[in-house]
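First comes the structure, then the notes that go with it.
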Amino acid sequence: MAQARRVFELHRPTHVAHLAAMVGGLFKNMKYKLDFLRENLLMNDCVLECCREFGVSRCVSCLSTCIFPDKTTYPIDETMIHNGPPHDSNFGYAYAKRLIDIQNRAYHEQYGCMFTSVIPTNIFGPHDNFNLQDSHVIPGLIHKCYIAKQKDEPLTVLGTGSPLRQFIYSKDLARLSLWVLREYHEIDPIILSVGEEDEVSIREVALMINKAMGMKQGIQFDGSKSDGQLKKTASNSKLRKYLPDFKFTPIQQAIDETVQWFCENYDTARK
């Protein structure tokens, strides 16, 4: 808390985008559930309490679709966050992120703070974390594909490739997050996502990455590894009520740009 308070004392922000988090892909979440819970609870409490102490006008925290109940109906929407336990594979991270929504409501009721949160679907783009053990699915597959190409081997994907996901390009998320910070005046969270019709399988994503990388060696799937949650289909109807004309970057274009950035910045990319 002391370190966070010093940052707020130095900069005296009026608006805060709370992106600090311990994050990782499926297998890291499965291995370090307690760490994900404790580290994220501590970060969230430090940031939100400093925002209150220093009179921040707006704080927007970043959640994740993995916070939603495992057993649910689809598509999921903002009203369903607390309707049941999350998937067991990442319950530490999920519960820590859920509690931001509770804190936002409590800060508003007790102190009148205008804190809210966004729930993006799976984020990817340039400057991502491409670490083979700790990254999310698209940056991890991009790095694996790069190595496979160098070795003239097929790309190996862990799992069957059947899970479905909605992906959002980091540049699109940045534009939407600025809009939330400036124009969205609800305490309740808002899902930032492409539409349900743009949901794709991990298999399709792997094929897109192969295409962007110019791979000719093909793909193999290791079905002995966990697929994780099979789907997390989210509704963006609330976002569309506010921004009906927002244009998302087509996923193949976004993957092409991310692969190009990674290849051009391989030596310095986070990996």
Side-chain angles (χ1 to χ4, degrees), residues 1-5 7-8 16-53 56 58-72 76-111 113-124 128-129 131 133-137 139-140 165-166 168 170 173 177 180-181 186-193 226 228-229 232 234:
M1 176 65 84
Q3 289 177 314
R5 191 173 282 115
V7 171
F8 276 76
V16 170
H18 171 27
L19 307 178
M22 177 181 176
V23 299
L26 171 63
F27 297 101
K28 185 177 179 181
N29 268 278
M30 291 171 66
K31 187 175 182 180
Y32 298 109
K33 292 174 185 174
L34 179 61
D35 291 349
F36 273 94
L37 178 67
R38 294 188 70 246
E39 293 296 326
N40 285 298
L41 285 174
L42 289 168
M43 279 184 265
N44 299 339
D45 193 55
C46 283
V47 172
L48 294 180
E49 179 59 14
C50 282
C51 284
R52 182 197 69 80
E53 285 184 21
V56 168
R58 295 280 292 157
C59 176
V60 177
S61 300
C62 189
L63 310 186
S64 165
T65 50
C66 75
I67 70 176
F68 284 96
D70 180 33
K71 305 276 193 296
T72 188
I76 49 182
D77 65 40
E78 294 85 352
T79 67
M80 301 161 68
I81 294 173
H82 305 287
N83 286 1
H87 193 270
D88 186 66
S89 63
N90 61 359
F91 73 77
Y93 180 78
Y95 277 120
K97 286 294 186 178
R98 277 189 189 189
L99 282 170
I100 290 180
D101 179 49
I102 301 300
Q103 286 180 284
N104 286 343
R105 288 192 231 166
Y107 272 110
H108 180 66
E109 290 187 16
Q110 189 165 335
Y111 294 107
C113 299
M114 296 300 293
F115 302 163
T116 190
S117 54
V118 297
I119 309 173
T121 46
N122 296 264
I123 311 164
F124 72 98
D128 208 334
N129 172 19
N131 184 279
Q133 279 73 47
D134 298 342
S135 64
H136 290 108
V137 60
R165 294 291 184 267
Q166 290 154 289
I168 184 168
S170 57
L173 179 59
S177 296
V180 171
L181 204 58
E186 294 186 35
I187 303 301
D188 292 334
I190 184 169
I191 291 171
L192 303 182
S193 174
S226 174
Q229 200 166 357
K232 300 189 287 186

Given side chains that start at C-beta, do those of [X] and [Y] come closer than 4.5 Å, heavy atoms only?
X    : Y    : value
T72  : M80  : yes
I187 : F115 : no
L48  : C113 : no
H87  : F68  : no
E78  : D188 : no
T121 : K232 : no
M1   : C50  : yes
L37  : F91  : no

Please give me the minimum heavy-atom distance between [X] and [Y], naming the atom from each residue.
X    : Y    : value
F36  : K28  : CE1-O, 3.5 Å
D128 : I123 : OD2-O, 3.9 Å
S135 : N129 : CB-O, 2.9 Å
S193 : Q166 : OG-NE2, 3.4 Å
V16  : F8   : CG2-CE2, 4.0 Å
C62  : P120 : SG-CG, 3.6 Å

Rounded to the nearest 0.5 Å, what's the gap from [atom1] on [X] to [atom2] on [Y]? Could you check?
X    : Y    : atom1 : atom2 : answer
S117 : E186 : OG    : CD    : 10.5 Å
I119 : K97  : CD1   : NZ    : 11.0 Å
L63  : H18  : CG    : NE2   : 9.0 Å
T65  : I191 : OG1   : CD1   : 8.0 Å
R5   : C46  : CZ    : SG    : 8.5 Å
L192 : I168 : CG    : CD1   : 6.0 Å

*Check step by step if side chain to side chain contact (heavy atoms under 4.5 Å, CB included) holds for R38 and M22.*
CA-CA 10 Å; R38 294 188 70 246; M22 177 181 176; over 6 Å; no

*Where do V60 and S177 land on the side chain to side chain contact (heavy atoms under 4.5 Å, CB included) test, with the steps shown first?*
CA-CA 8 Å; V60 177; S177 296; 6.0 Å; no

*asked:* Tell me if the OH atom of Y95 is crowded by more than 12 foreign heavy atoms within 6.0 Å.
replied: yes

*Please test V180 against T116 for side chain to side chain contact (heavy atoms under 4.5 Å, CB included), starting from the C-alpha separation and ending with a verdict.*
CA-CA 9 Å; V180 171; T116 190; 4.3 Å; yes

_side chain to side chain contact (heavy atoms under 4.5 Å, CB included) assessment of Y93 paired with V23_ = CA-CA 8 Å; Y93 180 78; V23 299; 4.0 Å; yes

